[in-house]
Every structure is written in C-alpha cells, then in structure tokens.
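Here the structure is a predicted model, which is why all the values come from computation and not from measurement.
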Amino acid sequence: MKKSMLFFLLVASLVAYAYHSVSAYDQRSAANLSAYCNIDFRSVKETPTAPVSGATLSLVDFRYAAAPLKPFCLITIDGQAYPLADVSVSAAPPSYALDGLVSGSSLRRANTLFVTFPRPVLAALARAESVSVSFQYADSAAPLTLPLSAVDLQYWKKQLPAF
C-alpha cells in the first residue's frame, strides 16, 4: 500500500512538472523577435545584378500546443503600423523521435509564418530606427509583439540597399 501510494505521488509529481514546463514554454517571453523564434529576412531580386524588388520574412516558432498561427502579421516601423496582407502559415506536427525526447524537441510543433513585404514598407524599413513584429496564435486573445534586436535591424537594412 505504501509503495503504491509513493509510486502514485511520484507519477503525479512528474506529470505536474511536465505540464508546468510545457505551459511555461508555450507562454514564454523574450527580449526580441530572434530570441523568441527563428527568423529569416531576405531581399528579393529578379537577377543577381538587378535592384531589390521585394523582401520576405519567414518566422518559425516551436510550441507544444496544437493551436496554429493565424495568417496575421503587423509590422510597426518607428511607431507607424503596417498591416501585411500577403501572409501564409503552415504547421508541422511533432516528430516524436526518440533522440529528442529528453530535450522535448521531438514533442513540439513547428509553426511557420511567411510574409511578403510591399514596396512602401520596404522603403520605411530601410530608414527605420525601431521595428517590431506582431503575430498571433489561434488560442491567444492578443498578438505577440516583439521588437527586432539592433543586430537584426541592421541586417534587414543591409538587405535593402536600394531603398
């Protein structure tokens, strides 16, 4: 009887710890966008010698929760908000690979948001002093808004030399 009670308490403690860890990870905060998720900003050129004609942002976030990203992205440049219309999202289920069970990486879903920037936004980005990006999950009441780090902002600006 004592052994079964001890085993039950041990299992209950492990379940409570795992639930708390998963919840804390999905509700995490970060100082900037690249600290929260993986980002890839790229300029688009028709040919290697042509001027920049556009830019894209790929944002990849990993979460335990099943709620997908909404096709929503808002970029705020020096206090001016720009809602972006050309937004697509995708989600990949967890892999459940045994080698990632300890780290928890095999249990997380990969959520991707892909944005194509219109030219007026690119011109504002090229002159920006501060930029923040907002995106939202389906189970969230409010969007996540995270600033770009100074390093990321400089990288984005270097991708847009013609503006």
Side-chain angles (χ1 to χ4, degrees), residues 4-44 54-118 120-122 124-125 128 130-156 159:
S4 62
M5 184 60 118
L6 183 61
F7 178 74
F8 174 76
L9 288 174
L10 179 65
V11 169
S13 297
L14 288 173
V15 167
Y17 175 75
Y19 177 78
H20 172 69
S21 296
V22 165
S23 177
Y25 184 82
D26 283 352
Q27 305 303 322
R28 69 196 183 279
S29 62
N32 59 62
L33 186 62
S34 60
Y36 187 87
C37 58
N38 298 336
I39 61 173
D40 184 20
F41 181 83
R42 293 184 185 222
S43 60
V44 176
T56 61
L57 170 65
S58 177
L59 182 149
V60 182
D61 185 29
F62 299 93
R63 289 182 48 156
Y64 292 103
L69 279 166
K70 288 184 175 182
F72 163 79
C73 187
L74 176 77
I75 188 163
T76 305
I77 303 169
D78 296 332
Q80 174 69 39
Y82 296 90
L84 301 172
D86 194 359
V87 179
S88 62
V89 294
S90 66
S95 68
Y96 302 112
L98 292 177
D99 59 346
L101 282 177
V102 174
S103 68
S105 62
S106 67
L107 303 175
R108 289 183 264 173
R109 291 164 173 76
N111 296 286
T112 305
L113 180 112
F114 186 79
V115 181
T116 302
F117 291 93
V121 174
L122 297 179
L125 269 173
S130 69
V131 174
S132 64
V133 177
S134 301
F135 58 97
Q136 187 171 5
Y137 277 94
D139 65 349
S140 178
L144 294 162
T145 302
L146 296 162
L148 286 183
S149 68
V151 172
D152 289 334
L153 179 57
Q154 290 306 312
Y155 174 80
W156 286 29
Q159 291 287 313

### Task
With the side chain counted from C-beta on, respond yes when T76 and Y82 share a heavy-atom pair under 4.5 Å apart, and no when they do not.
no

### Task
Verify side-chain contact (heavy atoms from CB on, under 4.5 Å) between F62 and N38, making sure each step is shown before the conclusion.
CA-CA 9 Å; F62 299 93; N38 298 336; 3.6 Å; yes

### Euclidean distance, Q136 CD relative to L113 CG, rounded to 0.5 Å
11.5 Å

### Task
Test the R63-Y137 pair against the cation-pi criterion, namely NZ or CZ under 6.0 angstrom from the six-membered ring centroid and within 45° of the ring axis.
yes

#### Entry: Flag side-chain contact, heavy atom, 4.5 Å: F41 against L59
no

### Query
Taking it one step at a time, do L57 and D40 satisfy side-chain contact (heavy atoms from CB on, under 4.5 Å)?
CA-CA 6 Å; L57 170 65; D40 184 20; 5.9 Å; no

### Message
Which label fits W156 and F117: parallel for a plane angle under 30°, tilted from 30 to 60°, or perpendicular past 60°?
### Response
perpendicular

### Query
Any side-chain heavy atom of V87 within less than 4.5 Å of one from F72?
no

### Query
Should the pair D61-R108 be classified as a salt bridge under the 4.0 Å nitrogen-to-oxygen rule?
no

### Message
To the closest 0.5 Å, what do you measure between SG (C73) and CZ (F135)?
### Response
8.5 Å

### Message
I'd like to know if the side chain of D78 reaches the main chain of S130, judged simply by a donor and an acceptor atom lying under 3.5 Å from each other, with no hydrogens or angles considered.
### Response
yes

### Query
Does any N or O in the side chain of Q159 come within less than 3.5 Å of the main-chain N or O of R42, such that one atom is a donor and the other an acceptor?
no

### Message
Which residue is it: V131, I75, N32? I am looking for the one with a side chain to side chain contact (heavy atoms under 4.5 Å, CB included) to L148.
### Response
V131

### Message
Quick check: closest heavy atoms across T145 and S134, and the distance to 0.1 Å?
### Response
OG1-OG, 2.7 Å

### Query
Taking the side chain as C-beta and beyond, is there a heavy-atom pair between L33 and P147 under 4.5 Å?
no

#### Entry: Shortest non-hydrogen contact from P118 toward L84
CD-CD2, 3.8 Å

### Message
Ignoring hydrogens, what is the shortest heavy-atom contact between P71 and V89? Give both atom names and the distance.
### Response
CA-CG1, 3.8 Å

## Note on the structure
Distance col, row C37:SG vs L69:CG, nearest 0.5 angstrom, shows 9.0 Å

### Query
Between I77 and A128, which heavy-atom pair has the shortest distance, and what is it?
CG2-CB, 3.6 Å

### Query
Between atom OG of S43 and atom CG of L125, what is the distance when rounded to the nearest 0.5 Å?
12.0 Å

### Summary
Heavy-atom nearest pair, S58 first then T112, reads OG-CG2, 4.0 Å

### Task
Check S34 against I39 and note the closest heavy-atom contact, atom names and distance.
CB-CD1, 4.0 Å

### Message
Check whether S149 reaches the backbone of D152 with its side chain - one donor and one acceptor, N or O, closer than 3.5 Å.
### Response
yes

### Summary
dist S90:OG -> N111:CG (nearest 0.5 Å) comes out at 8.0 Å

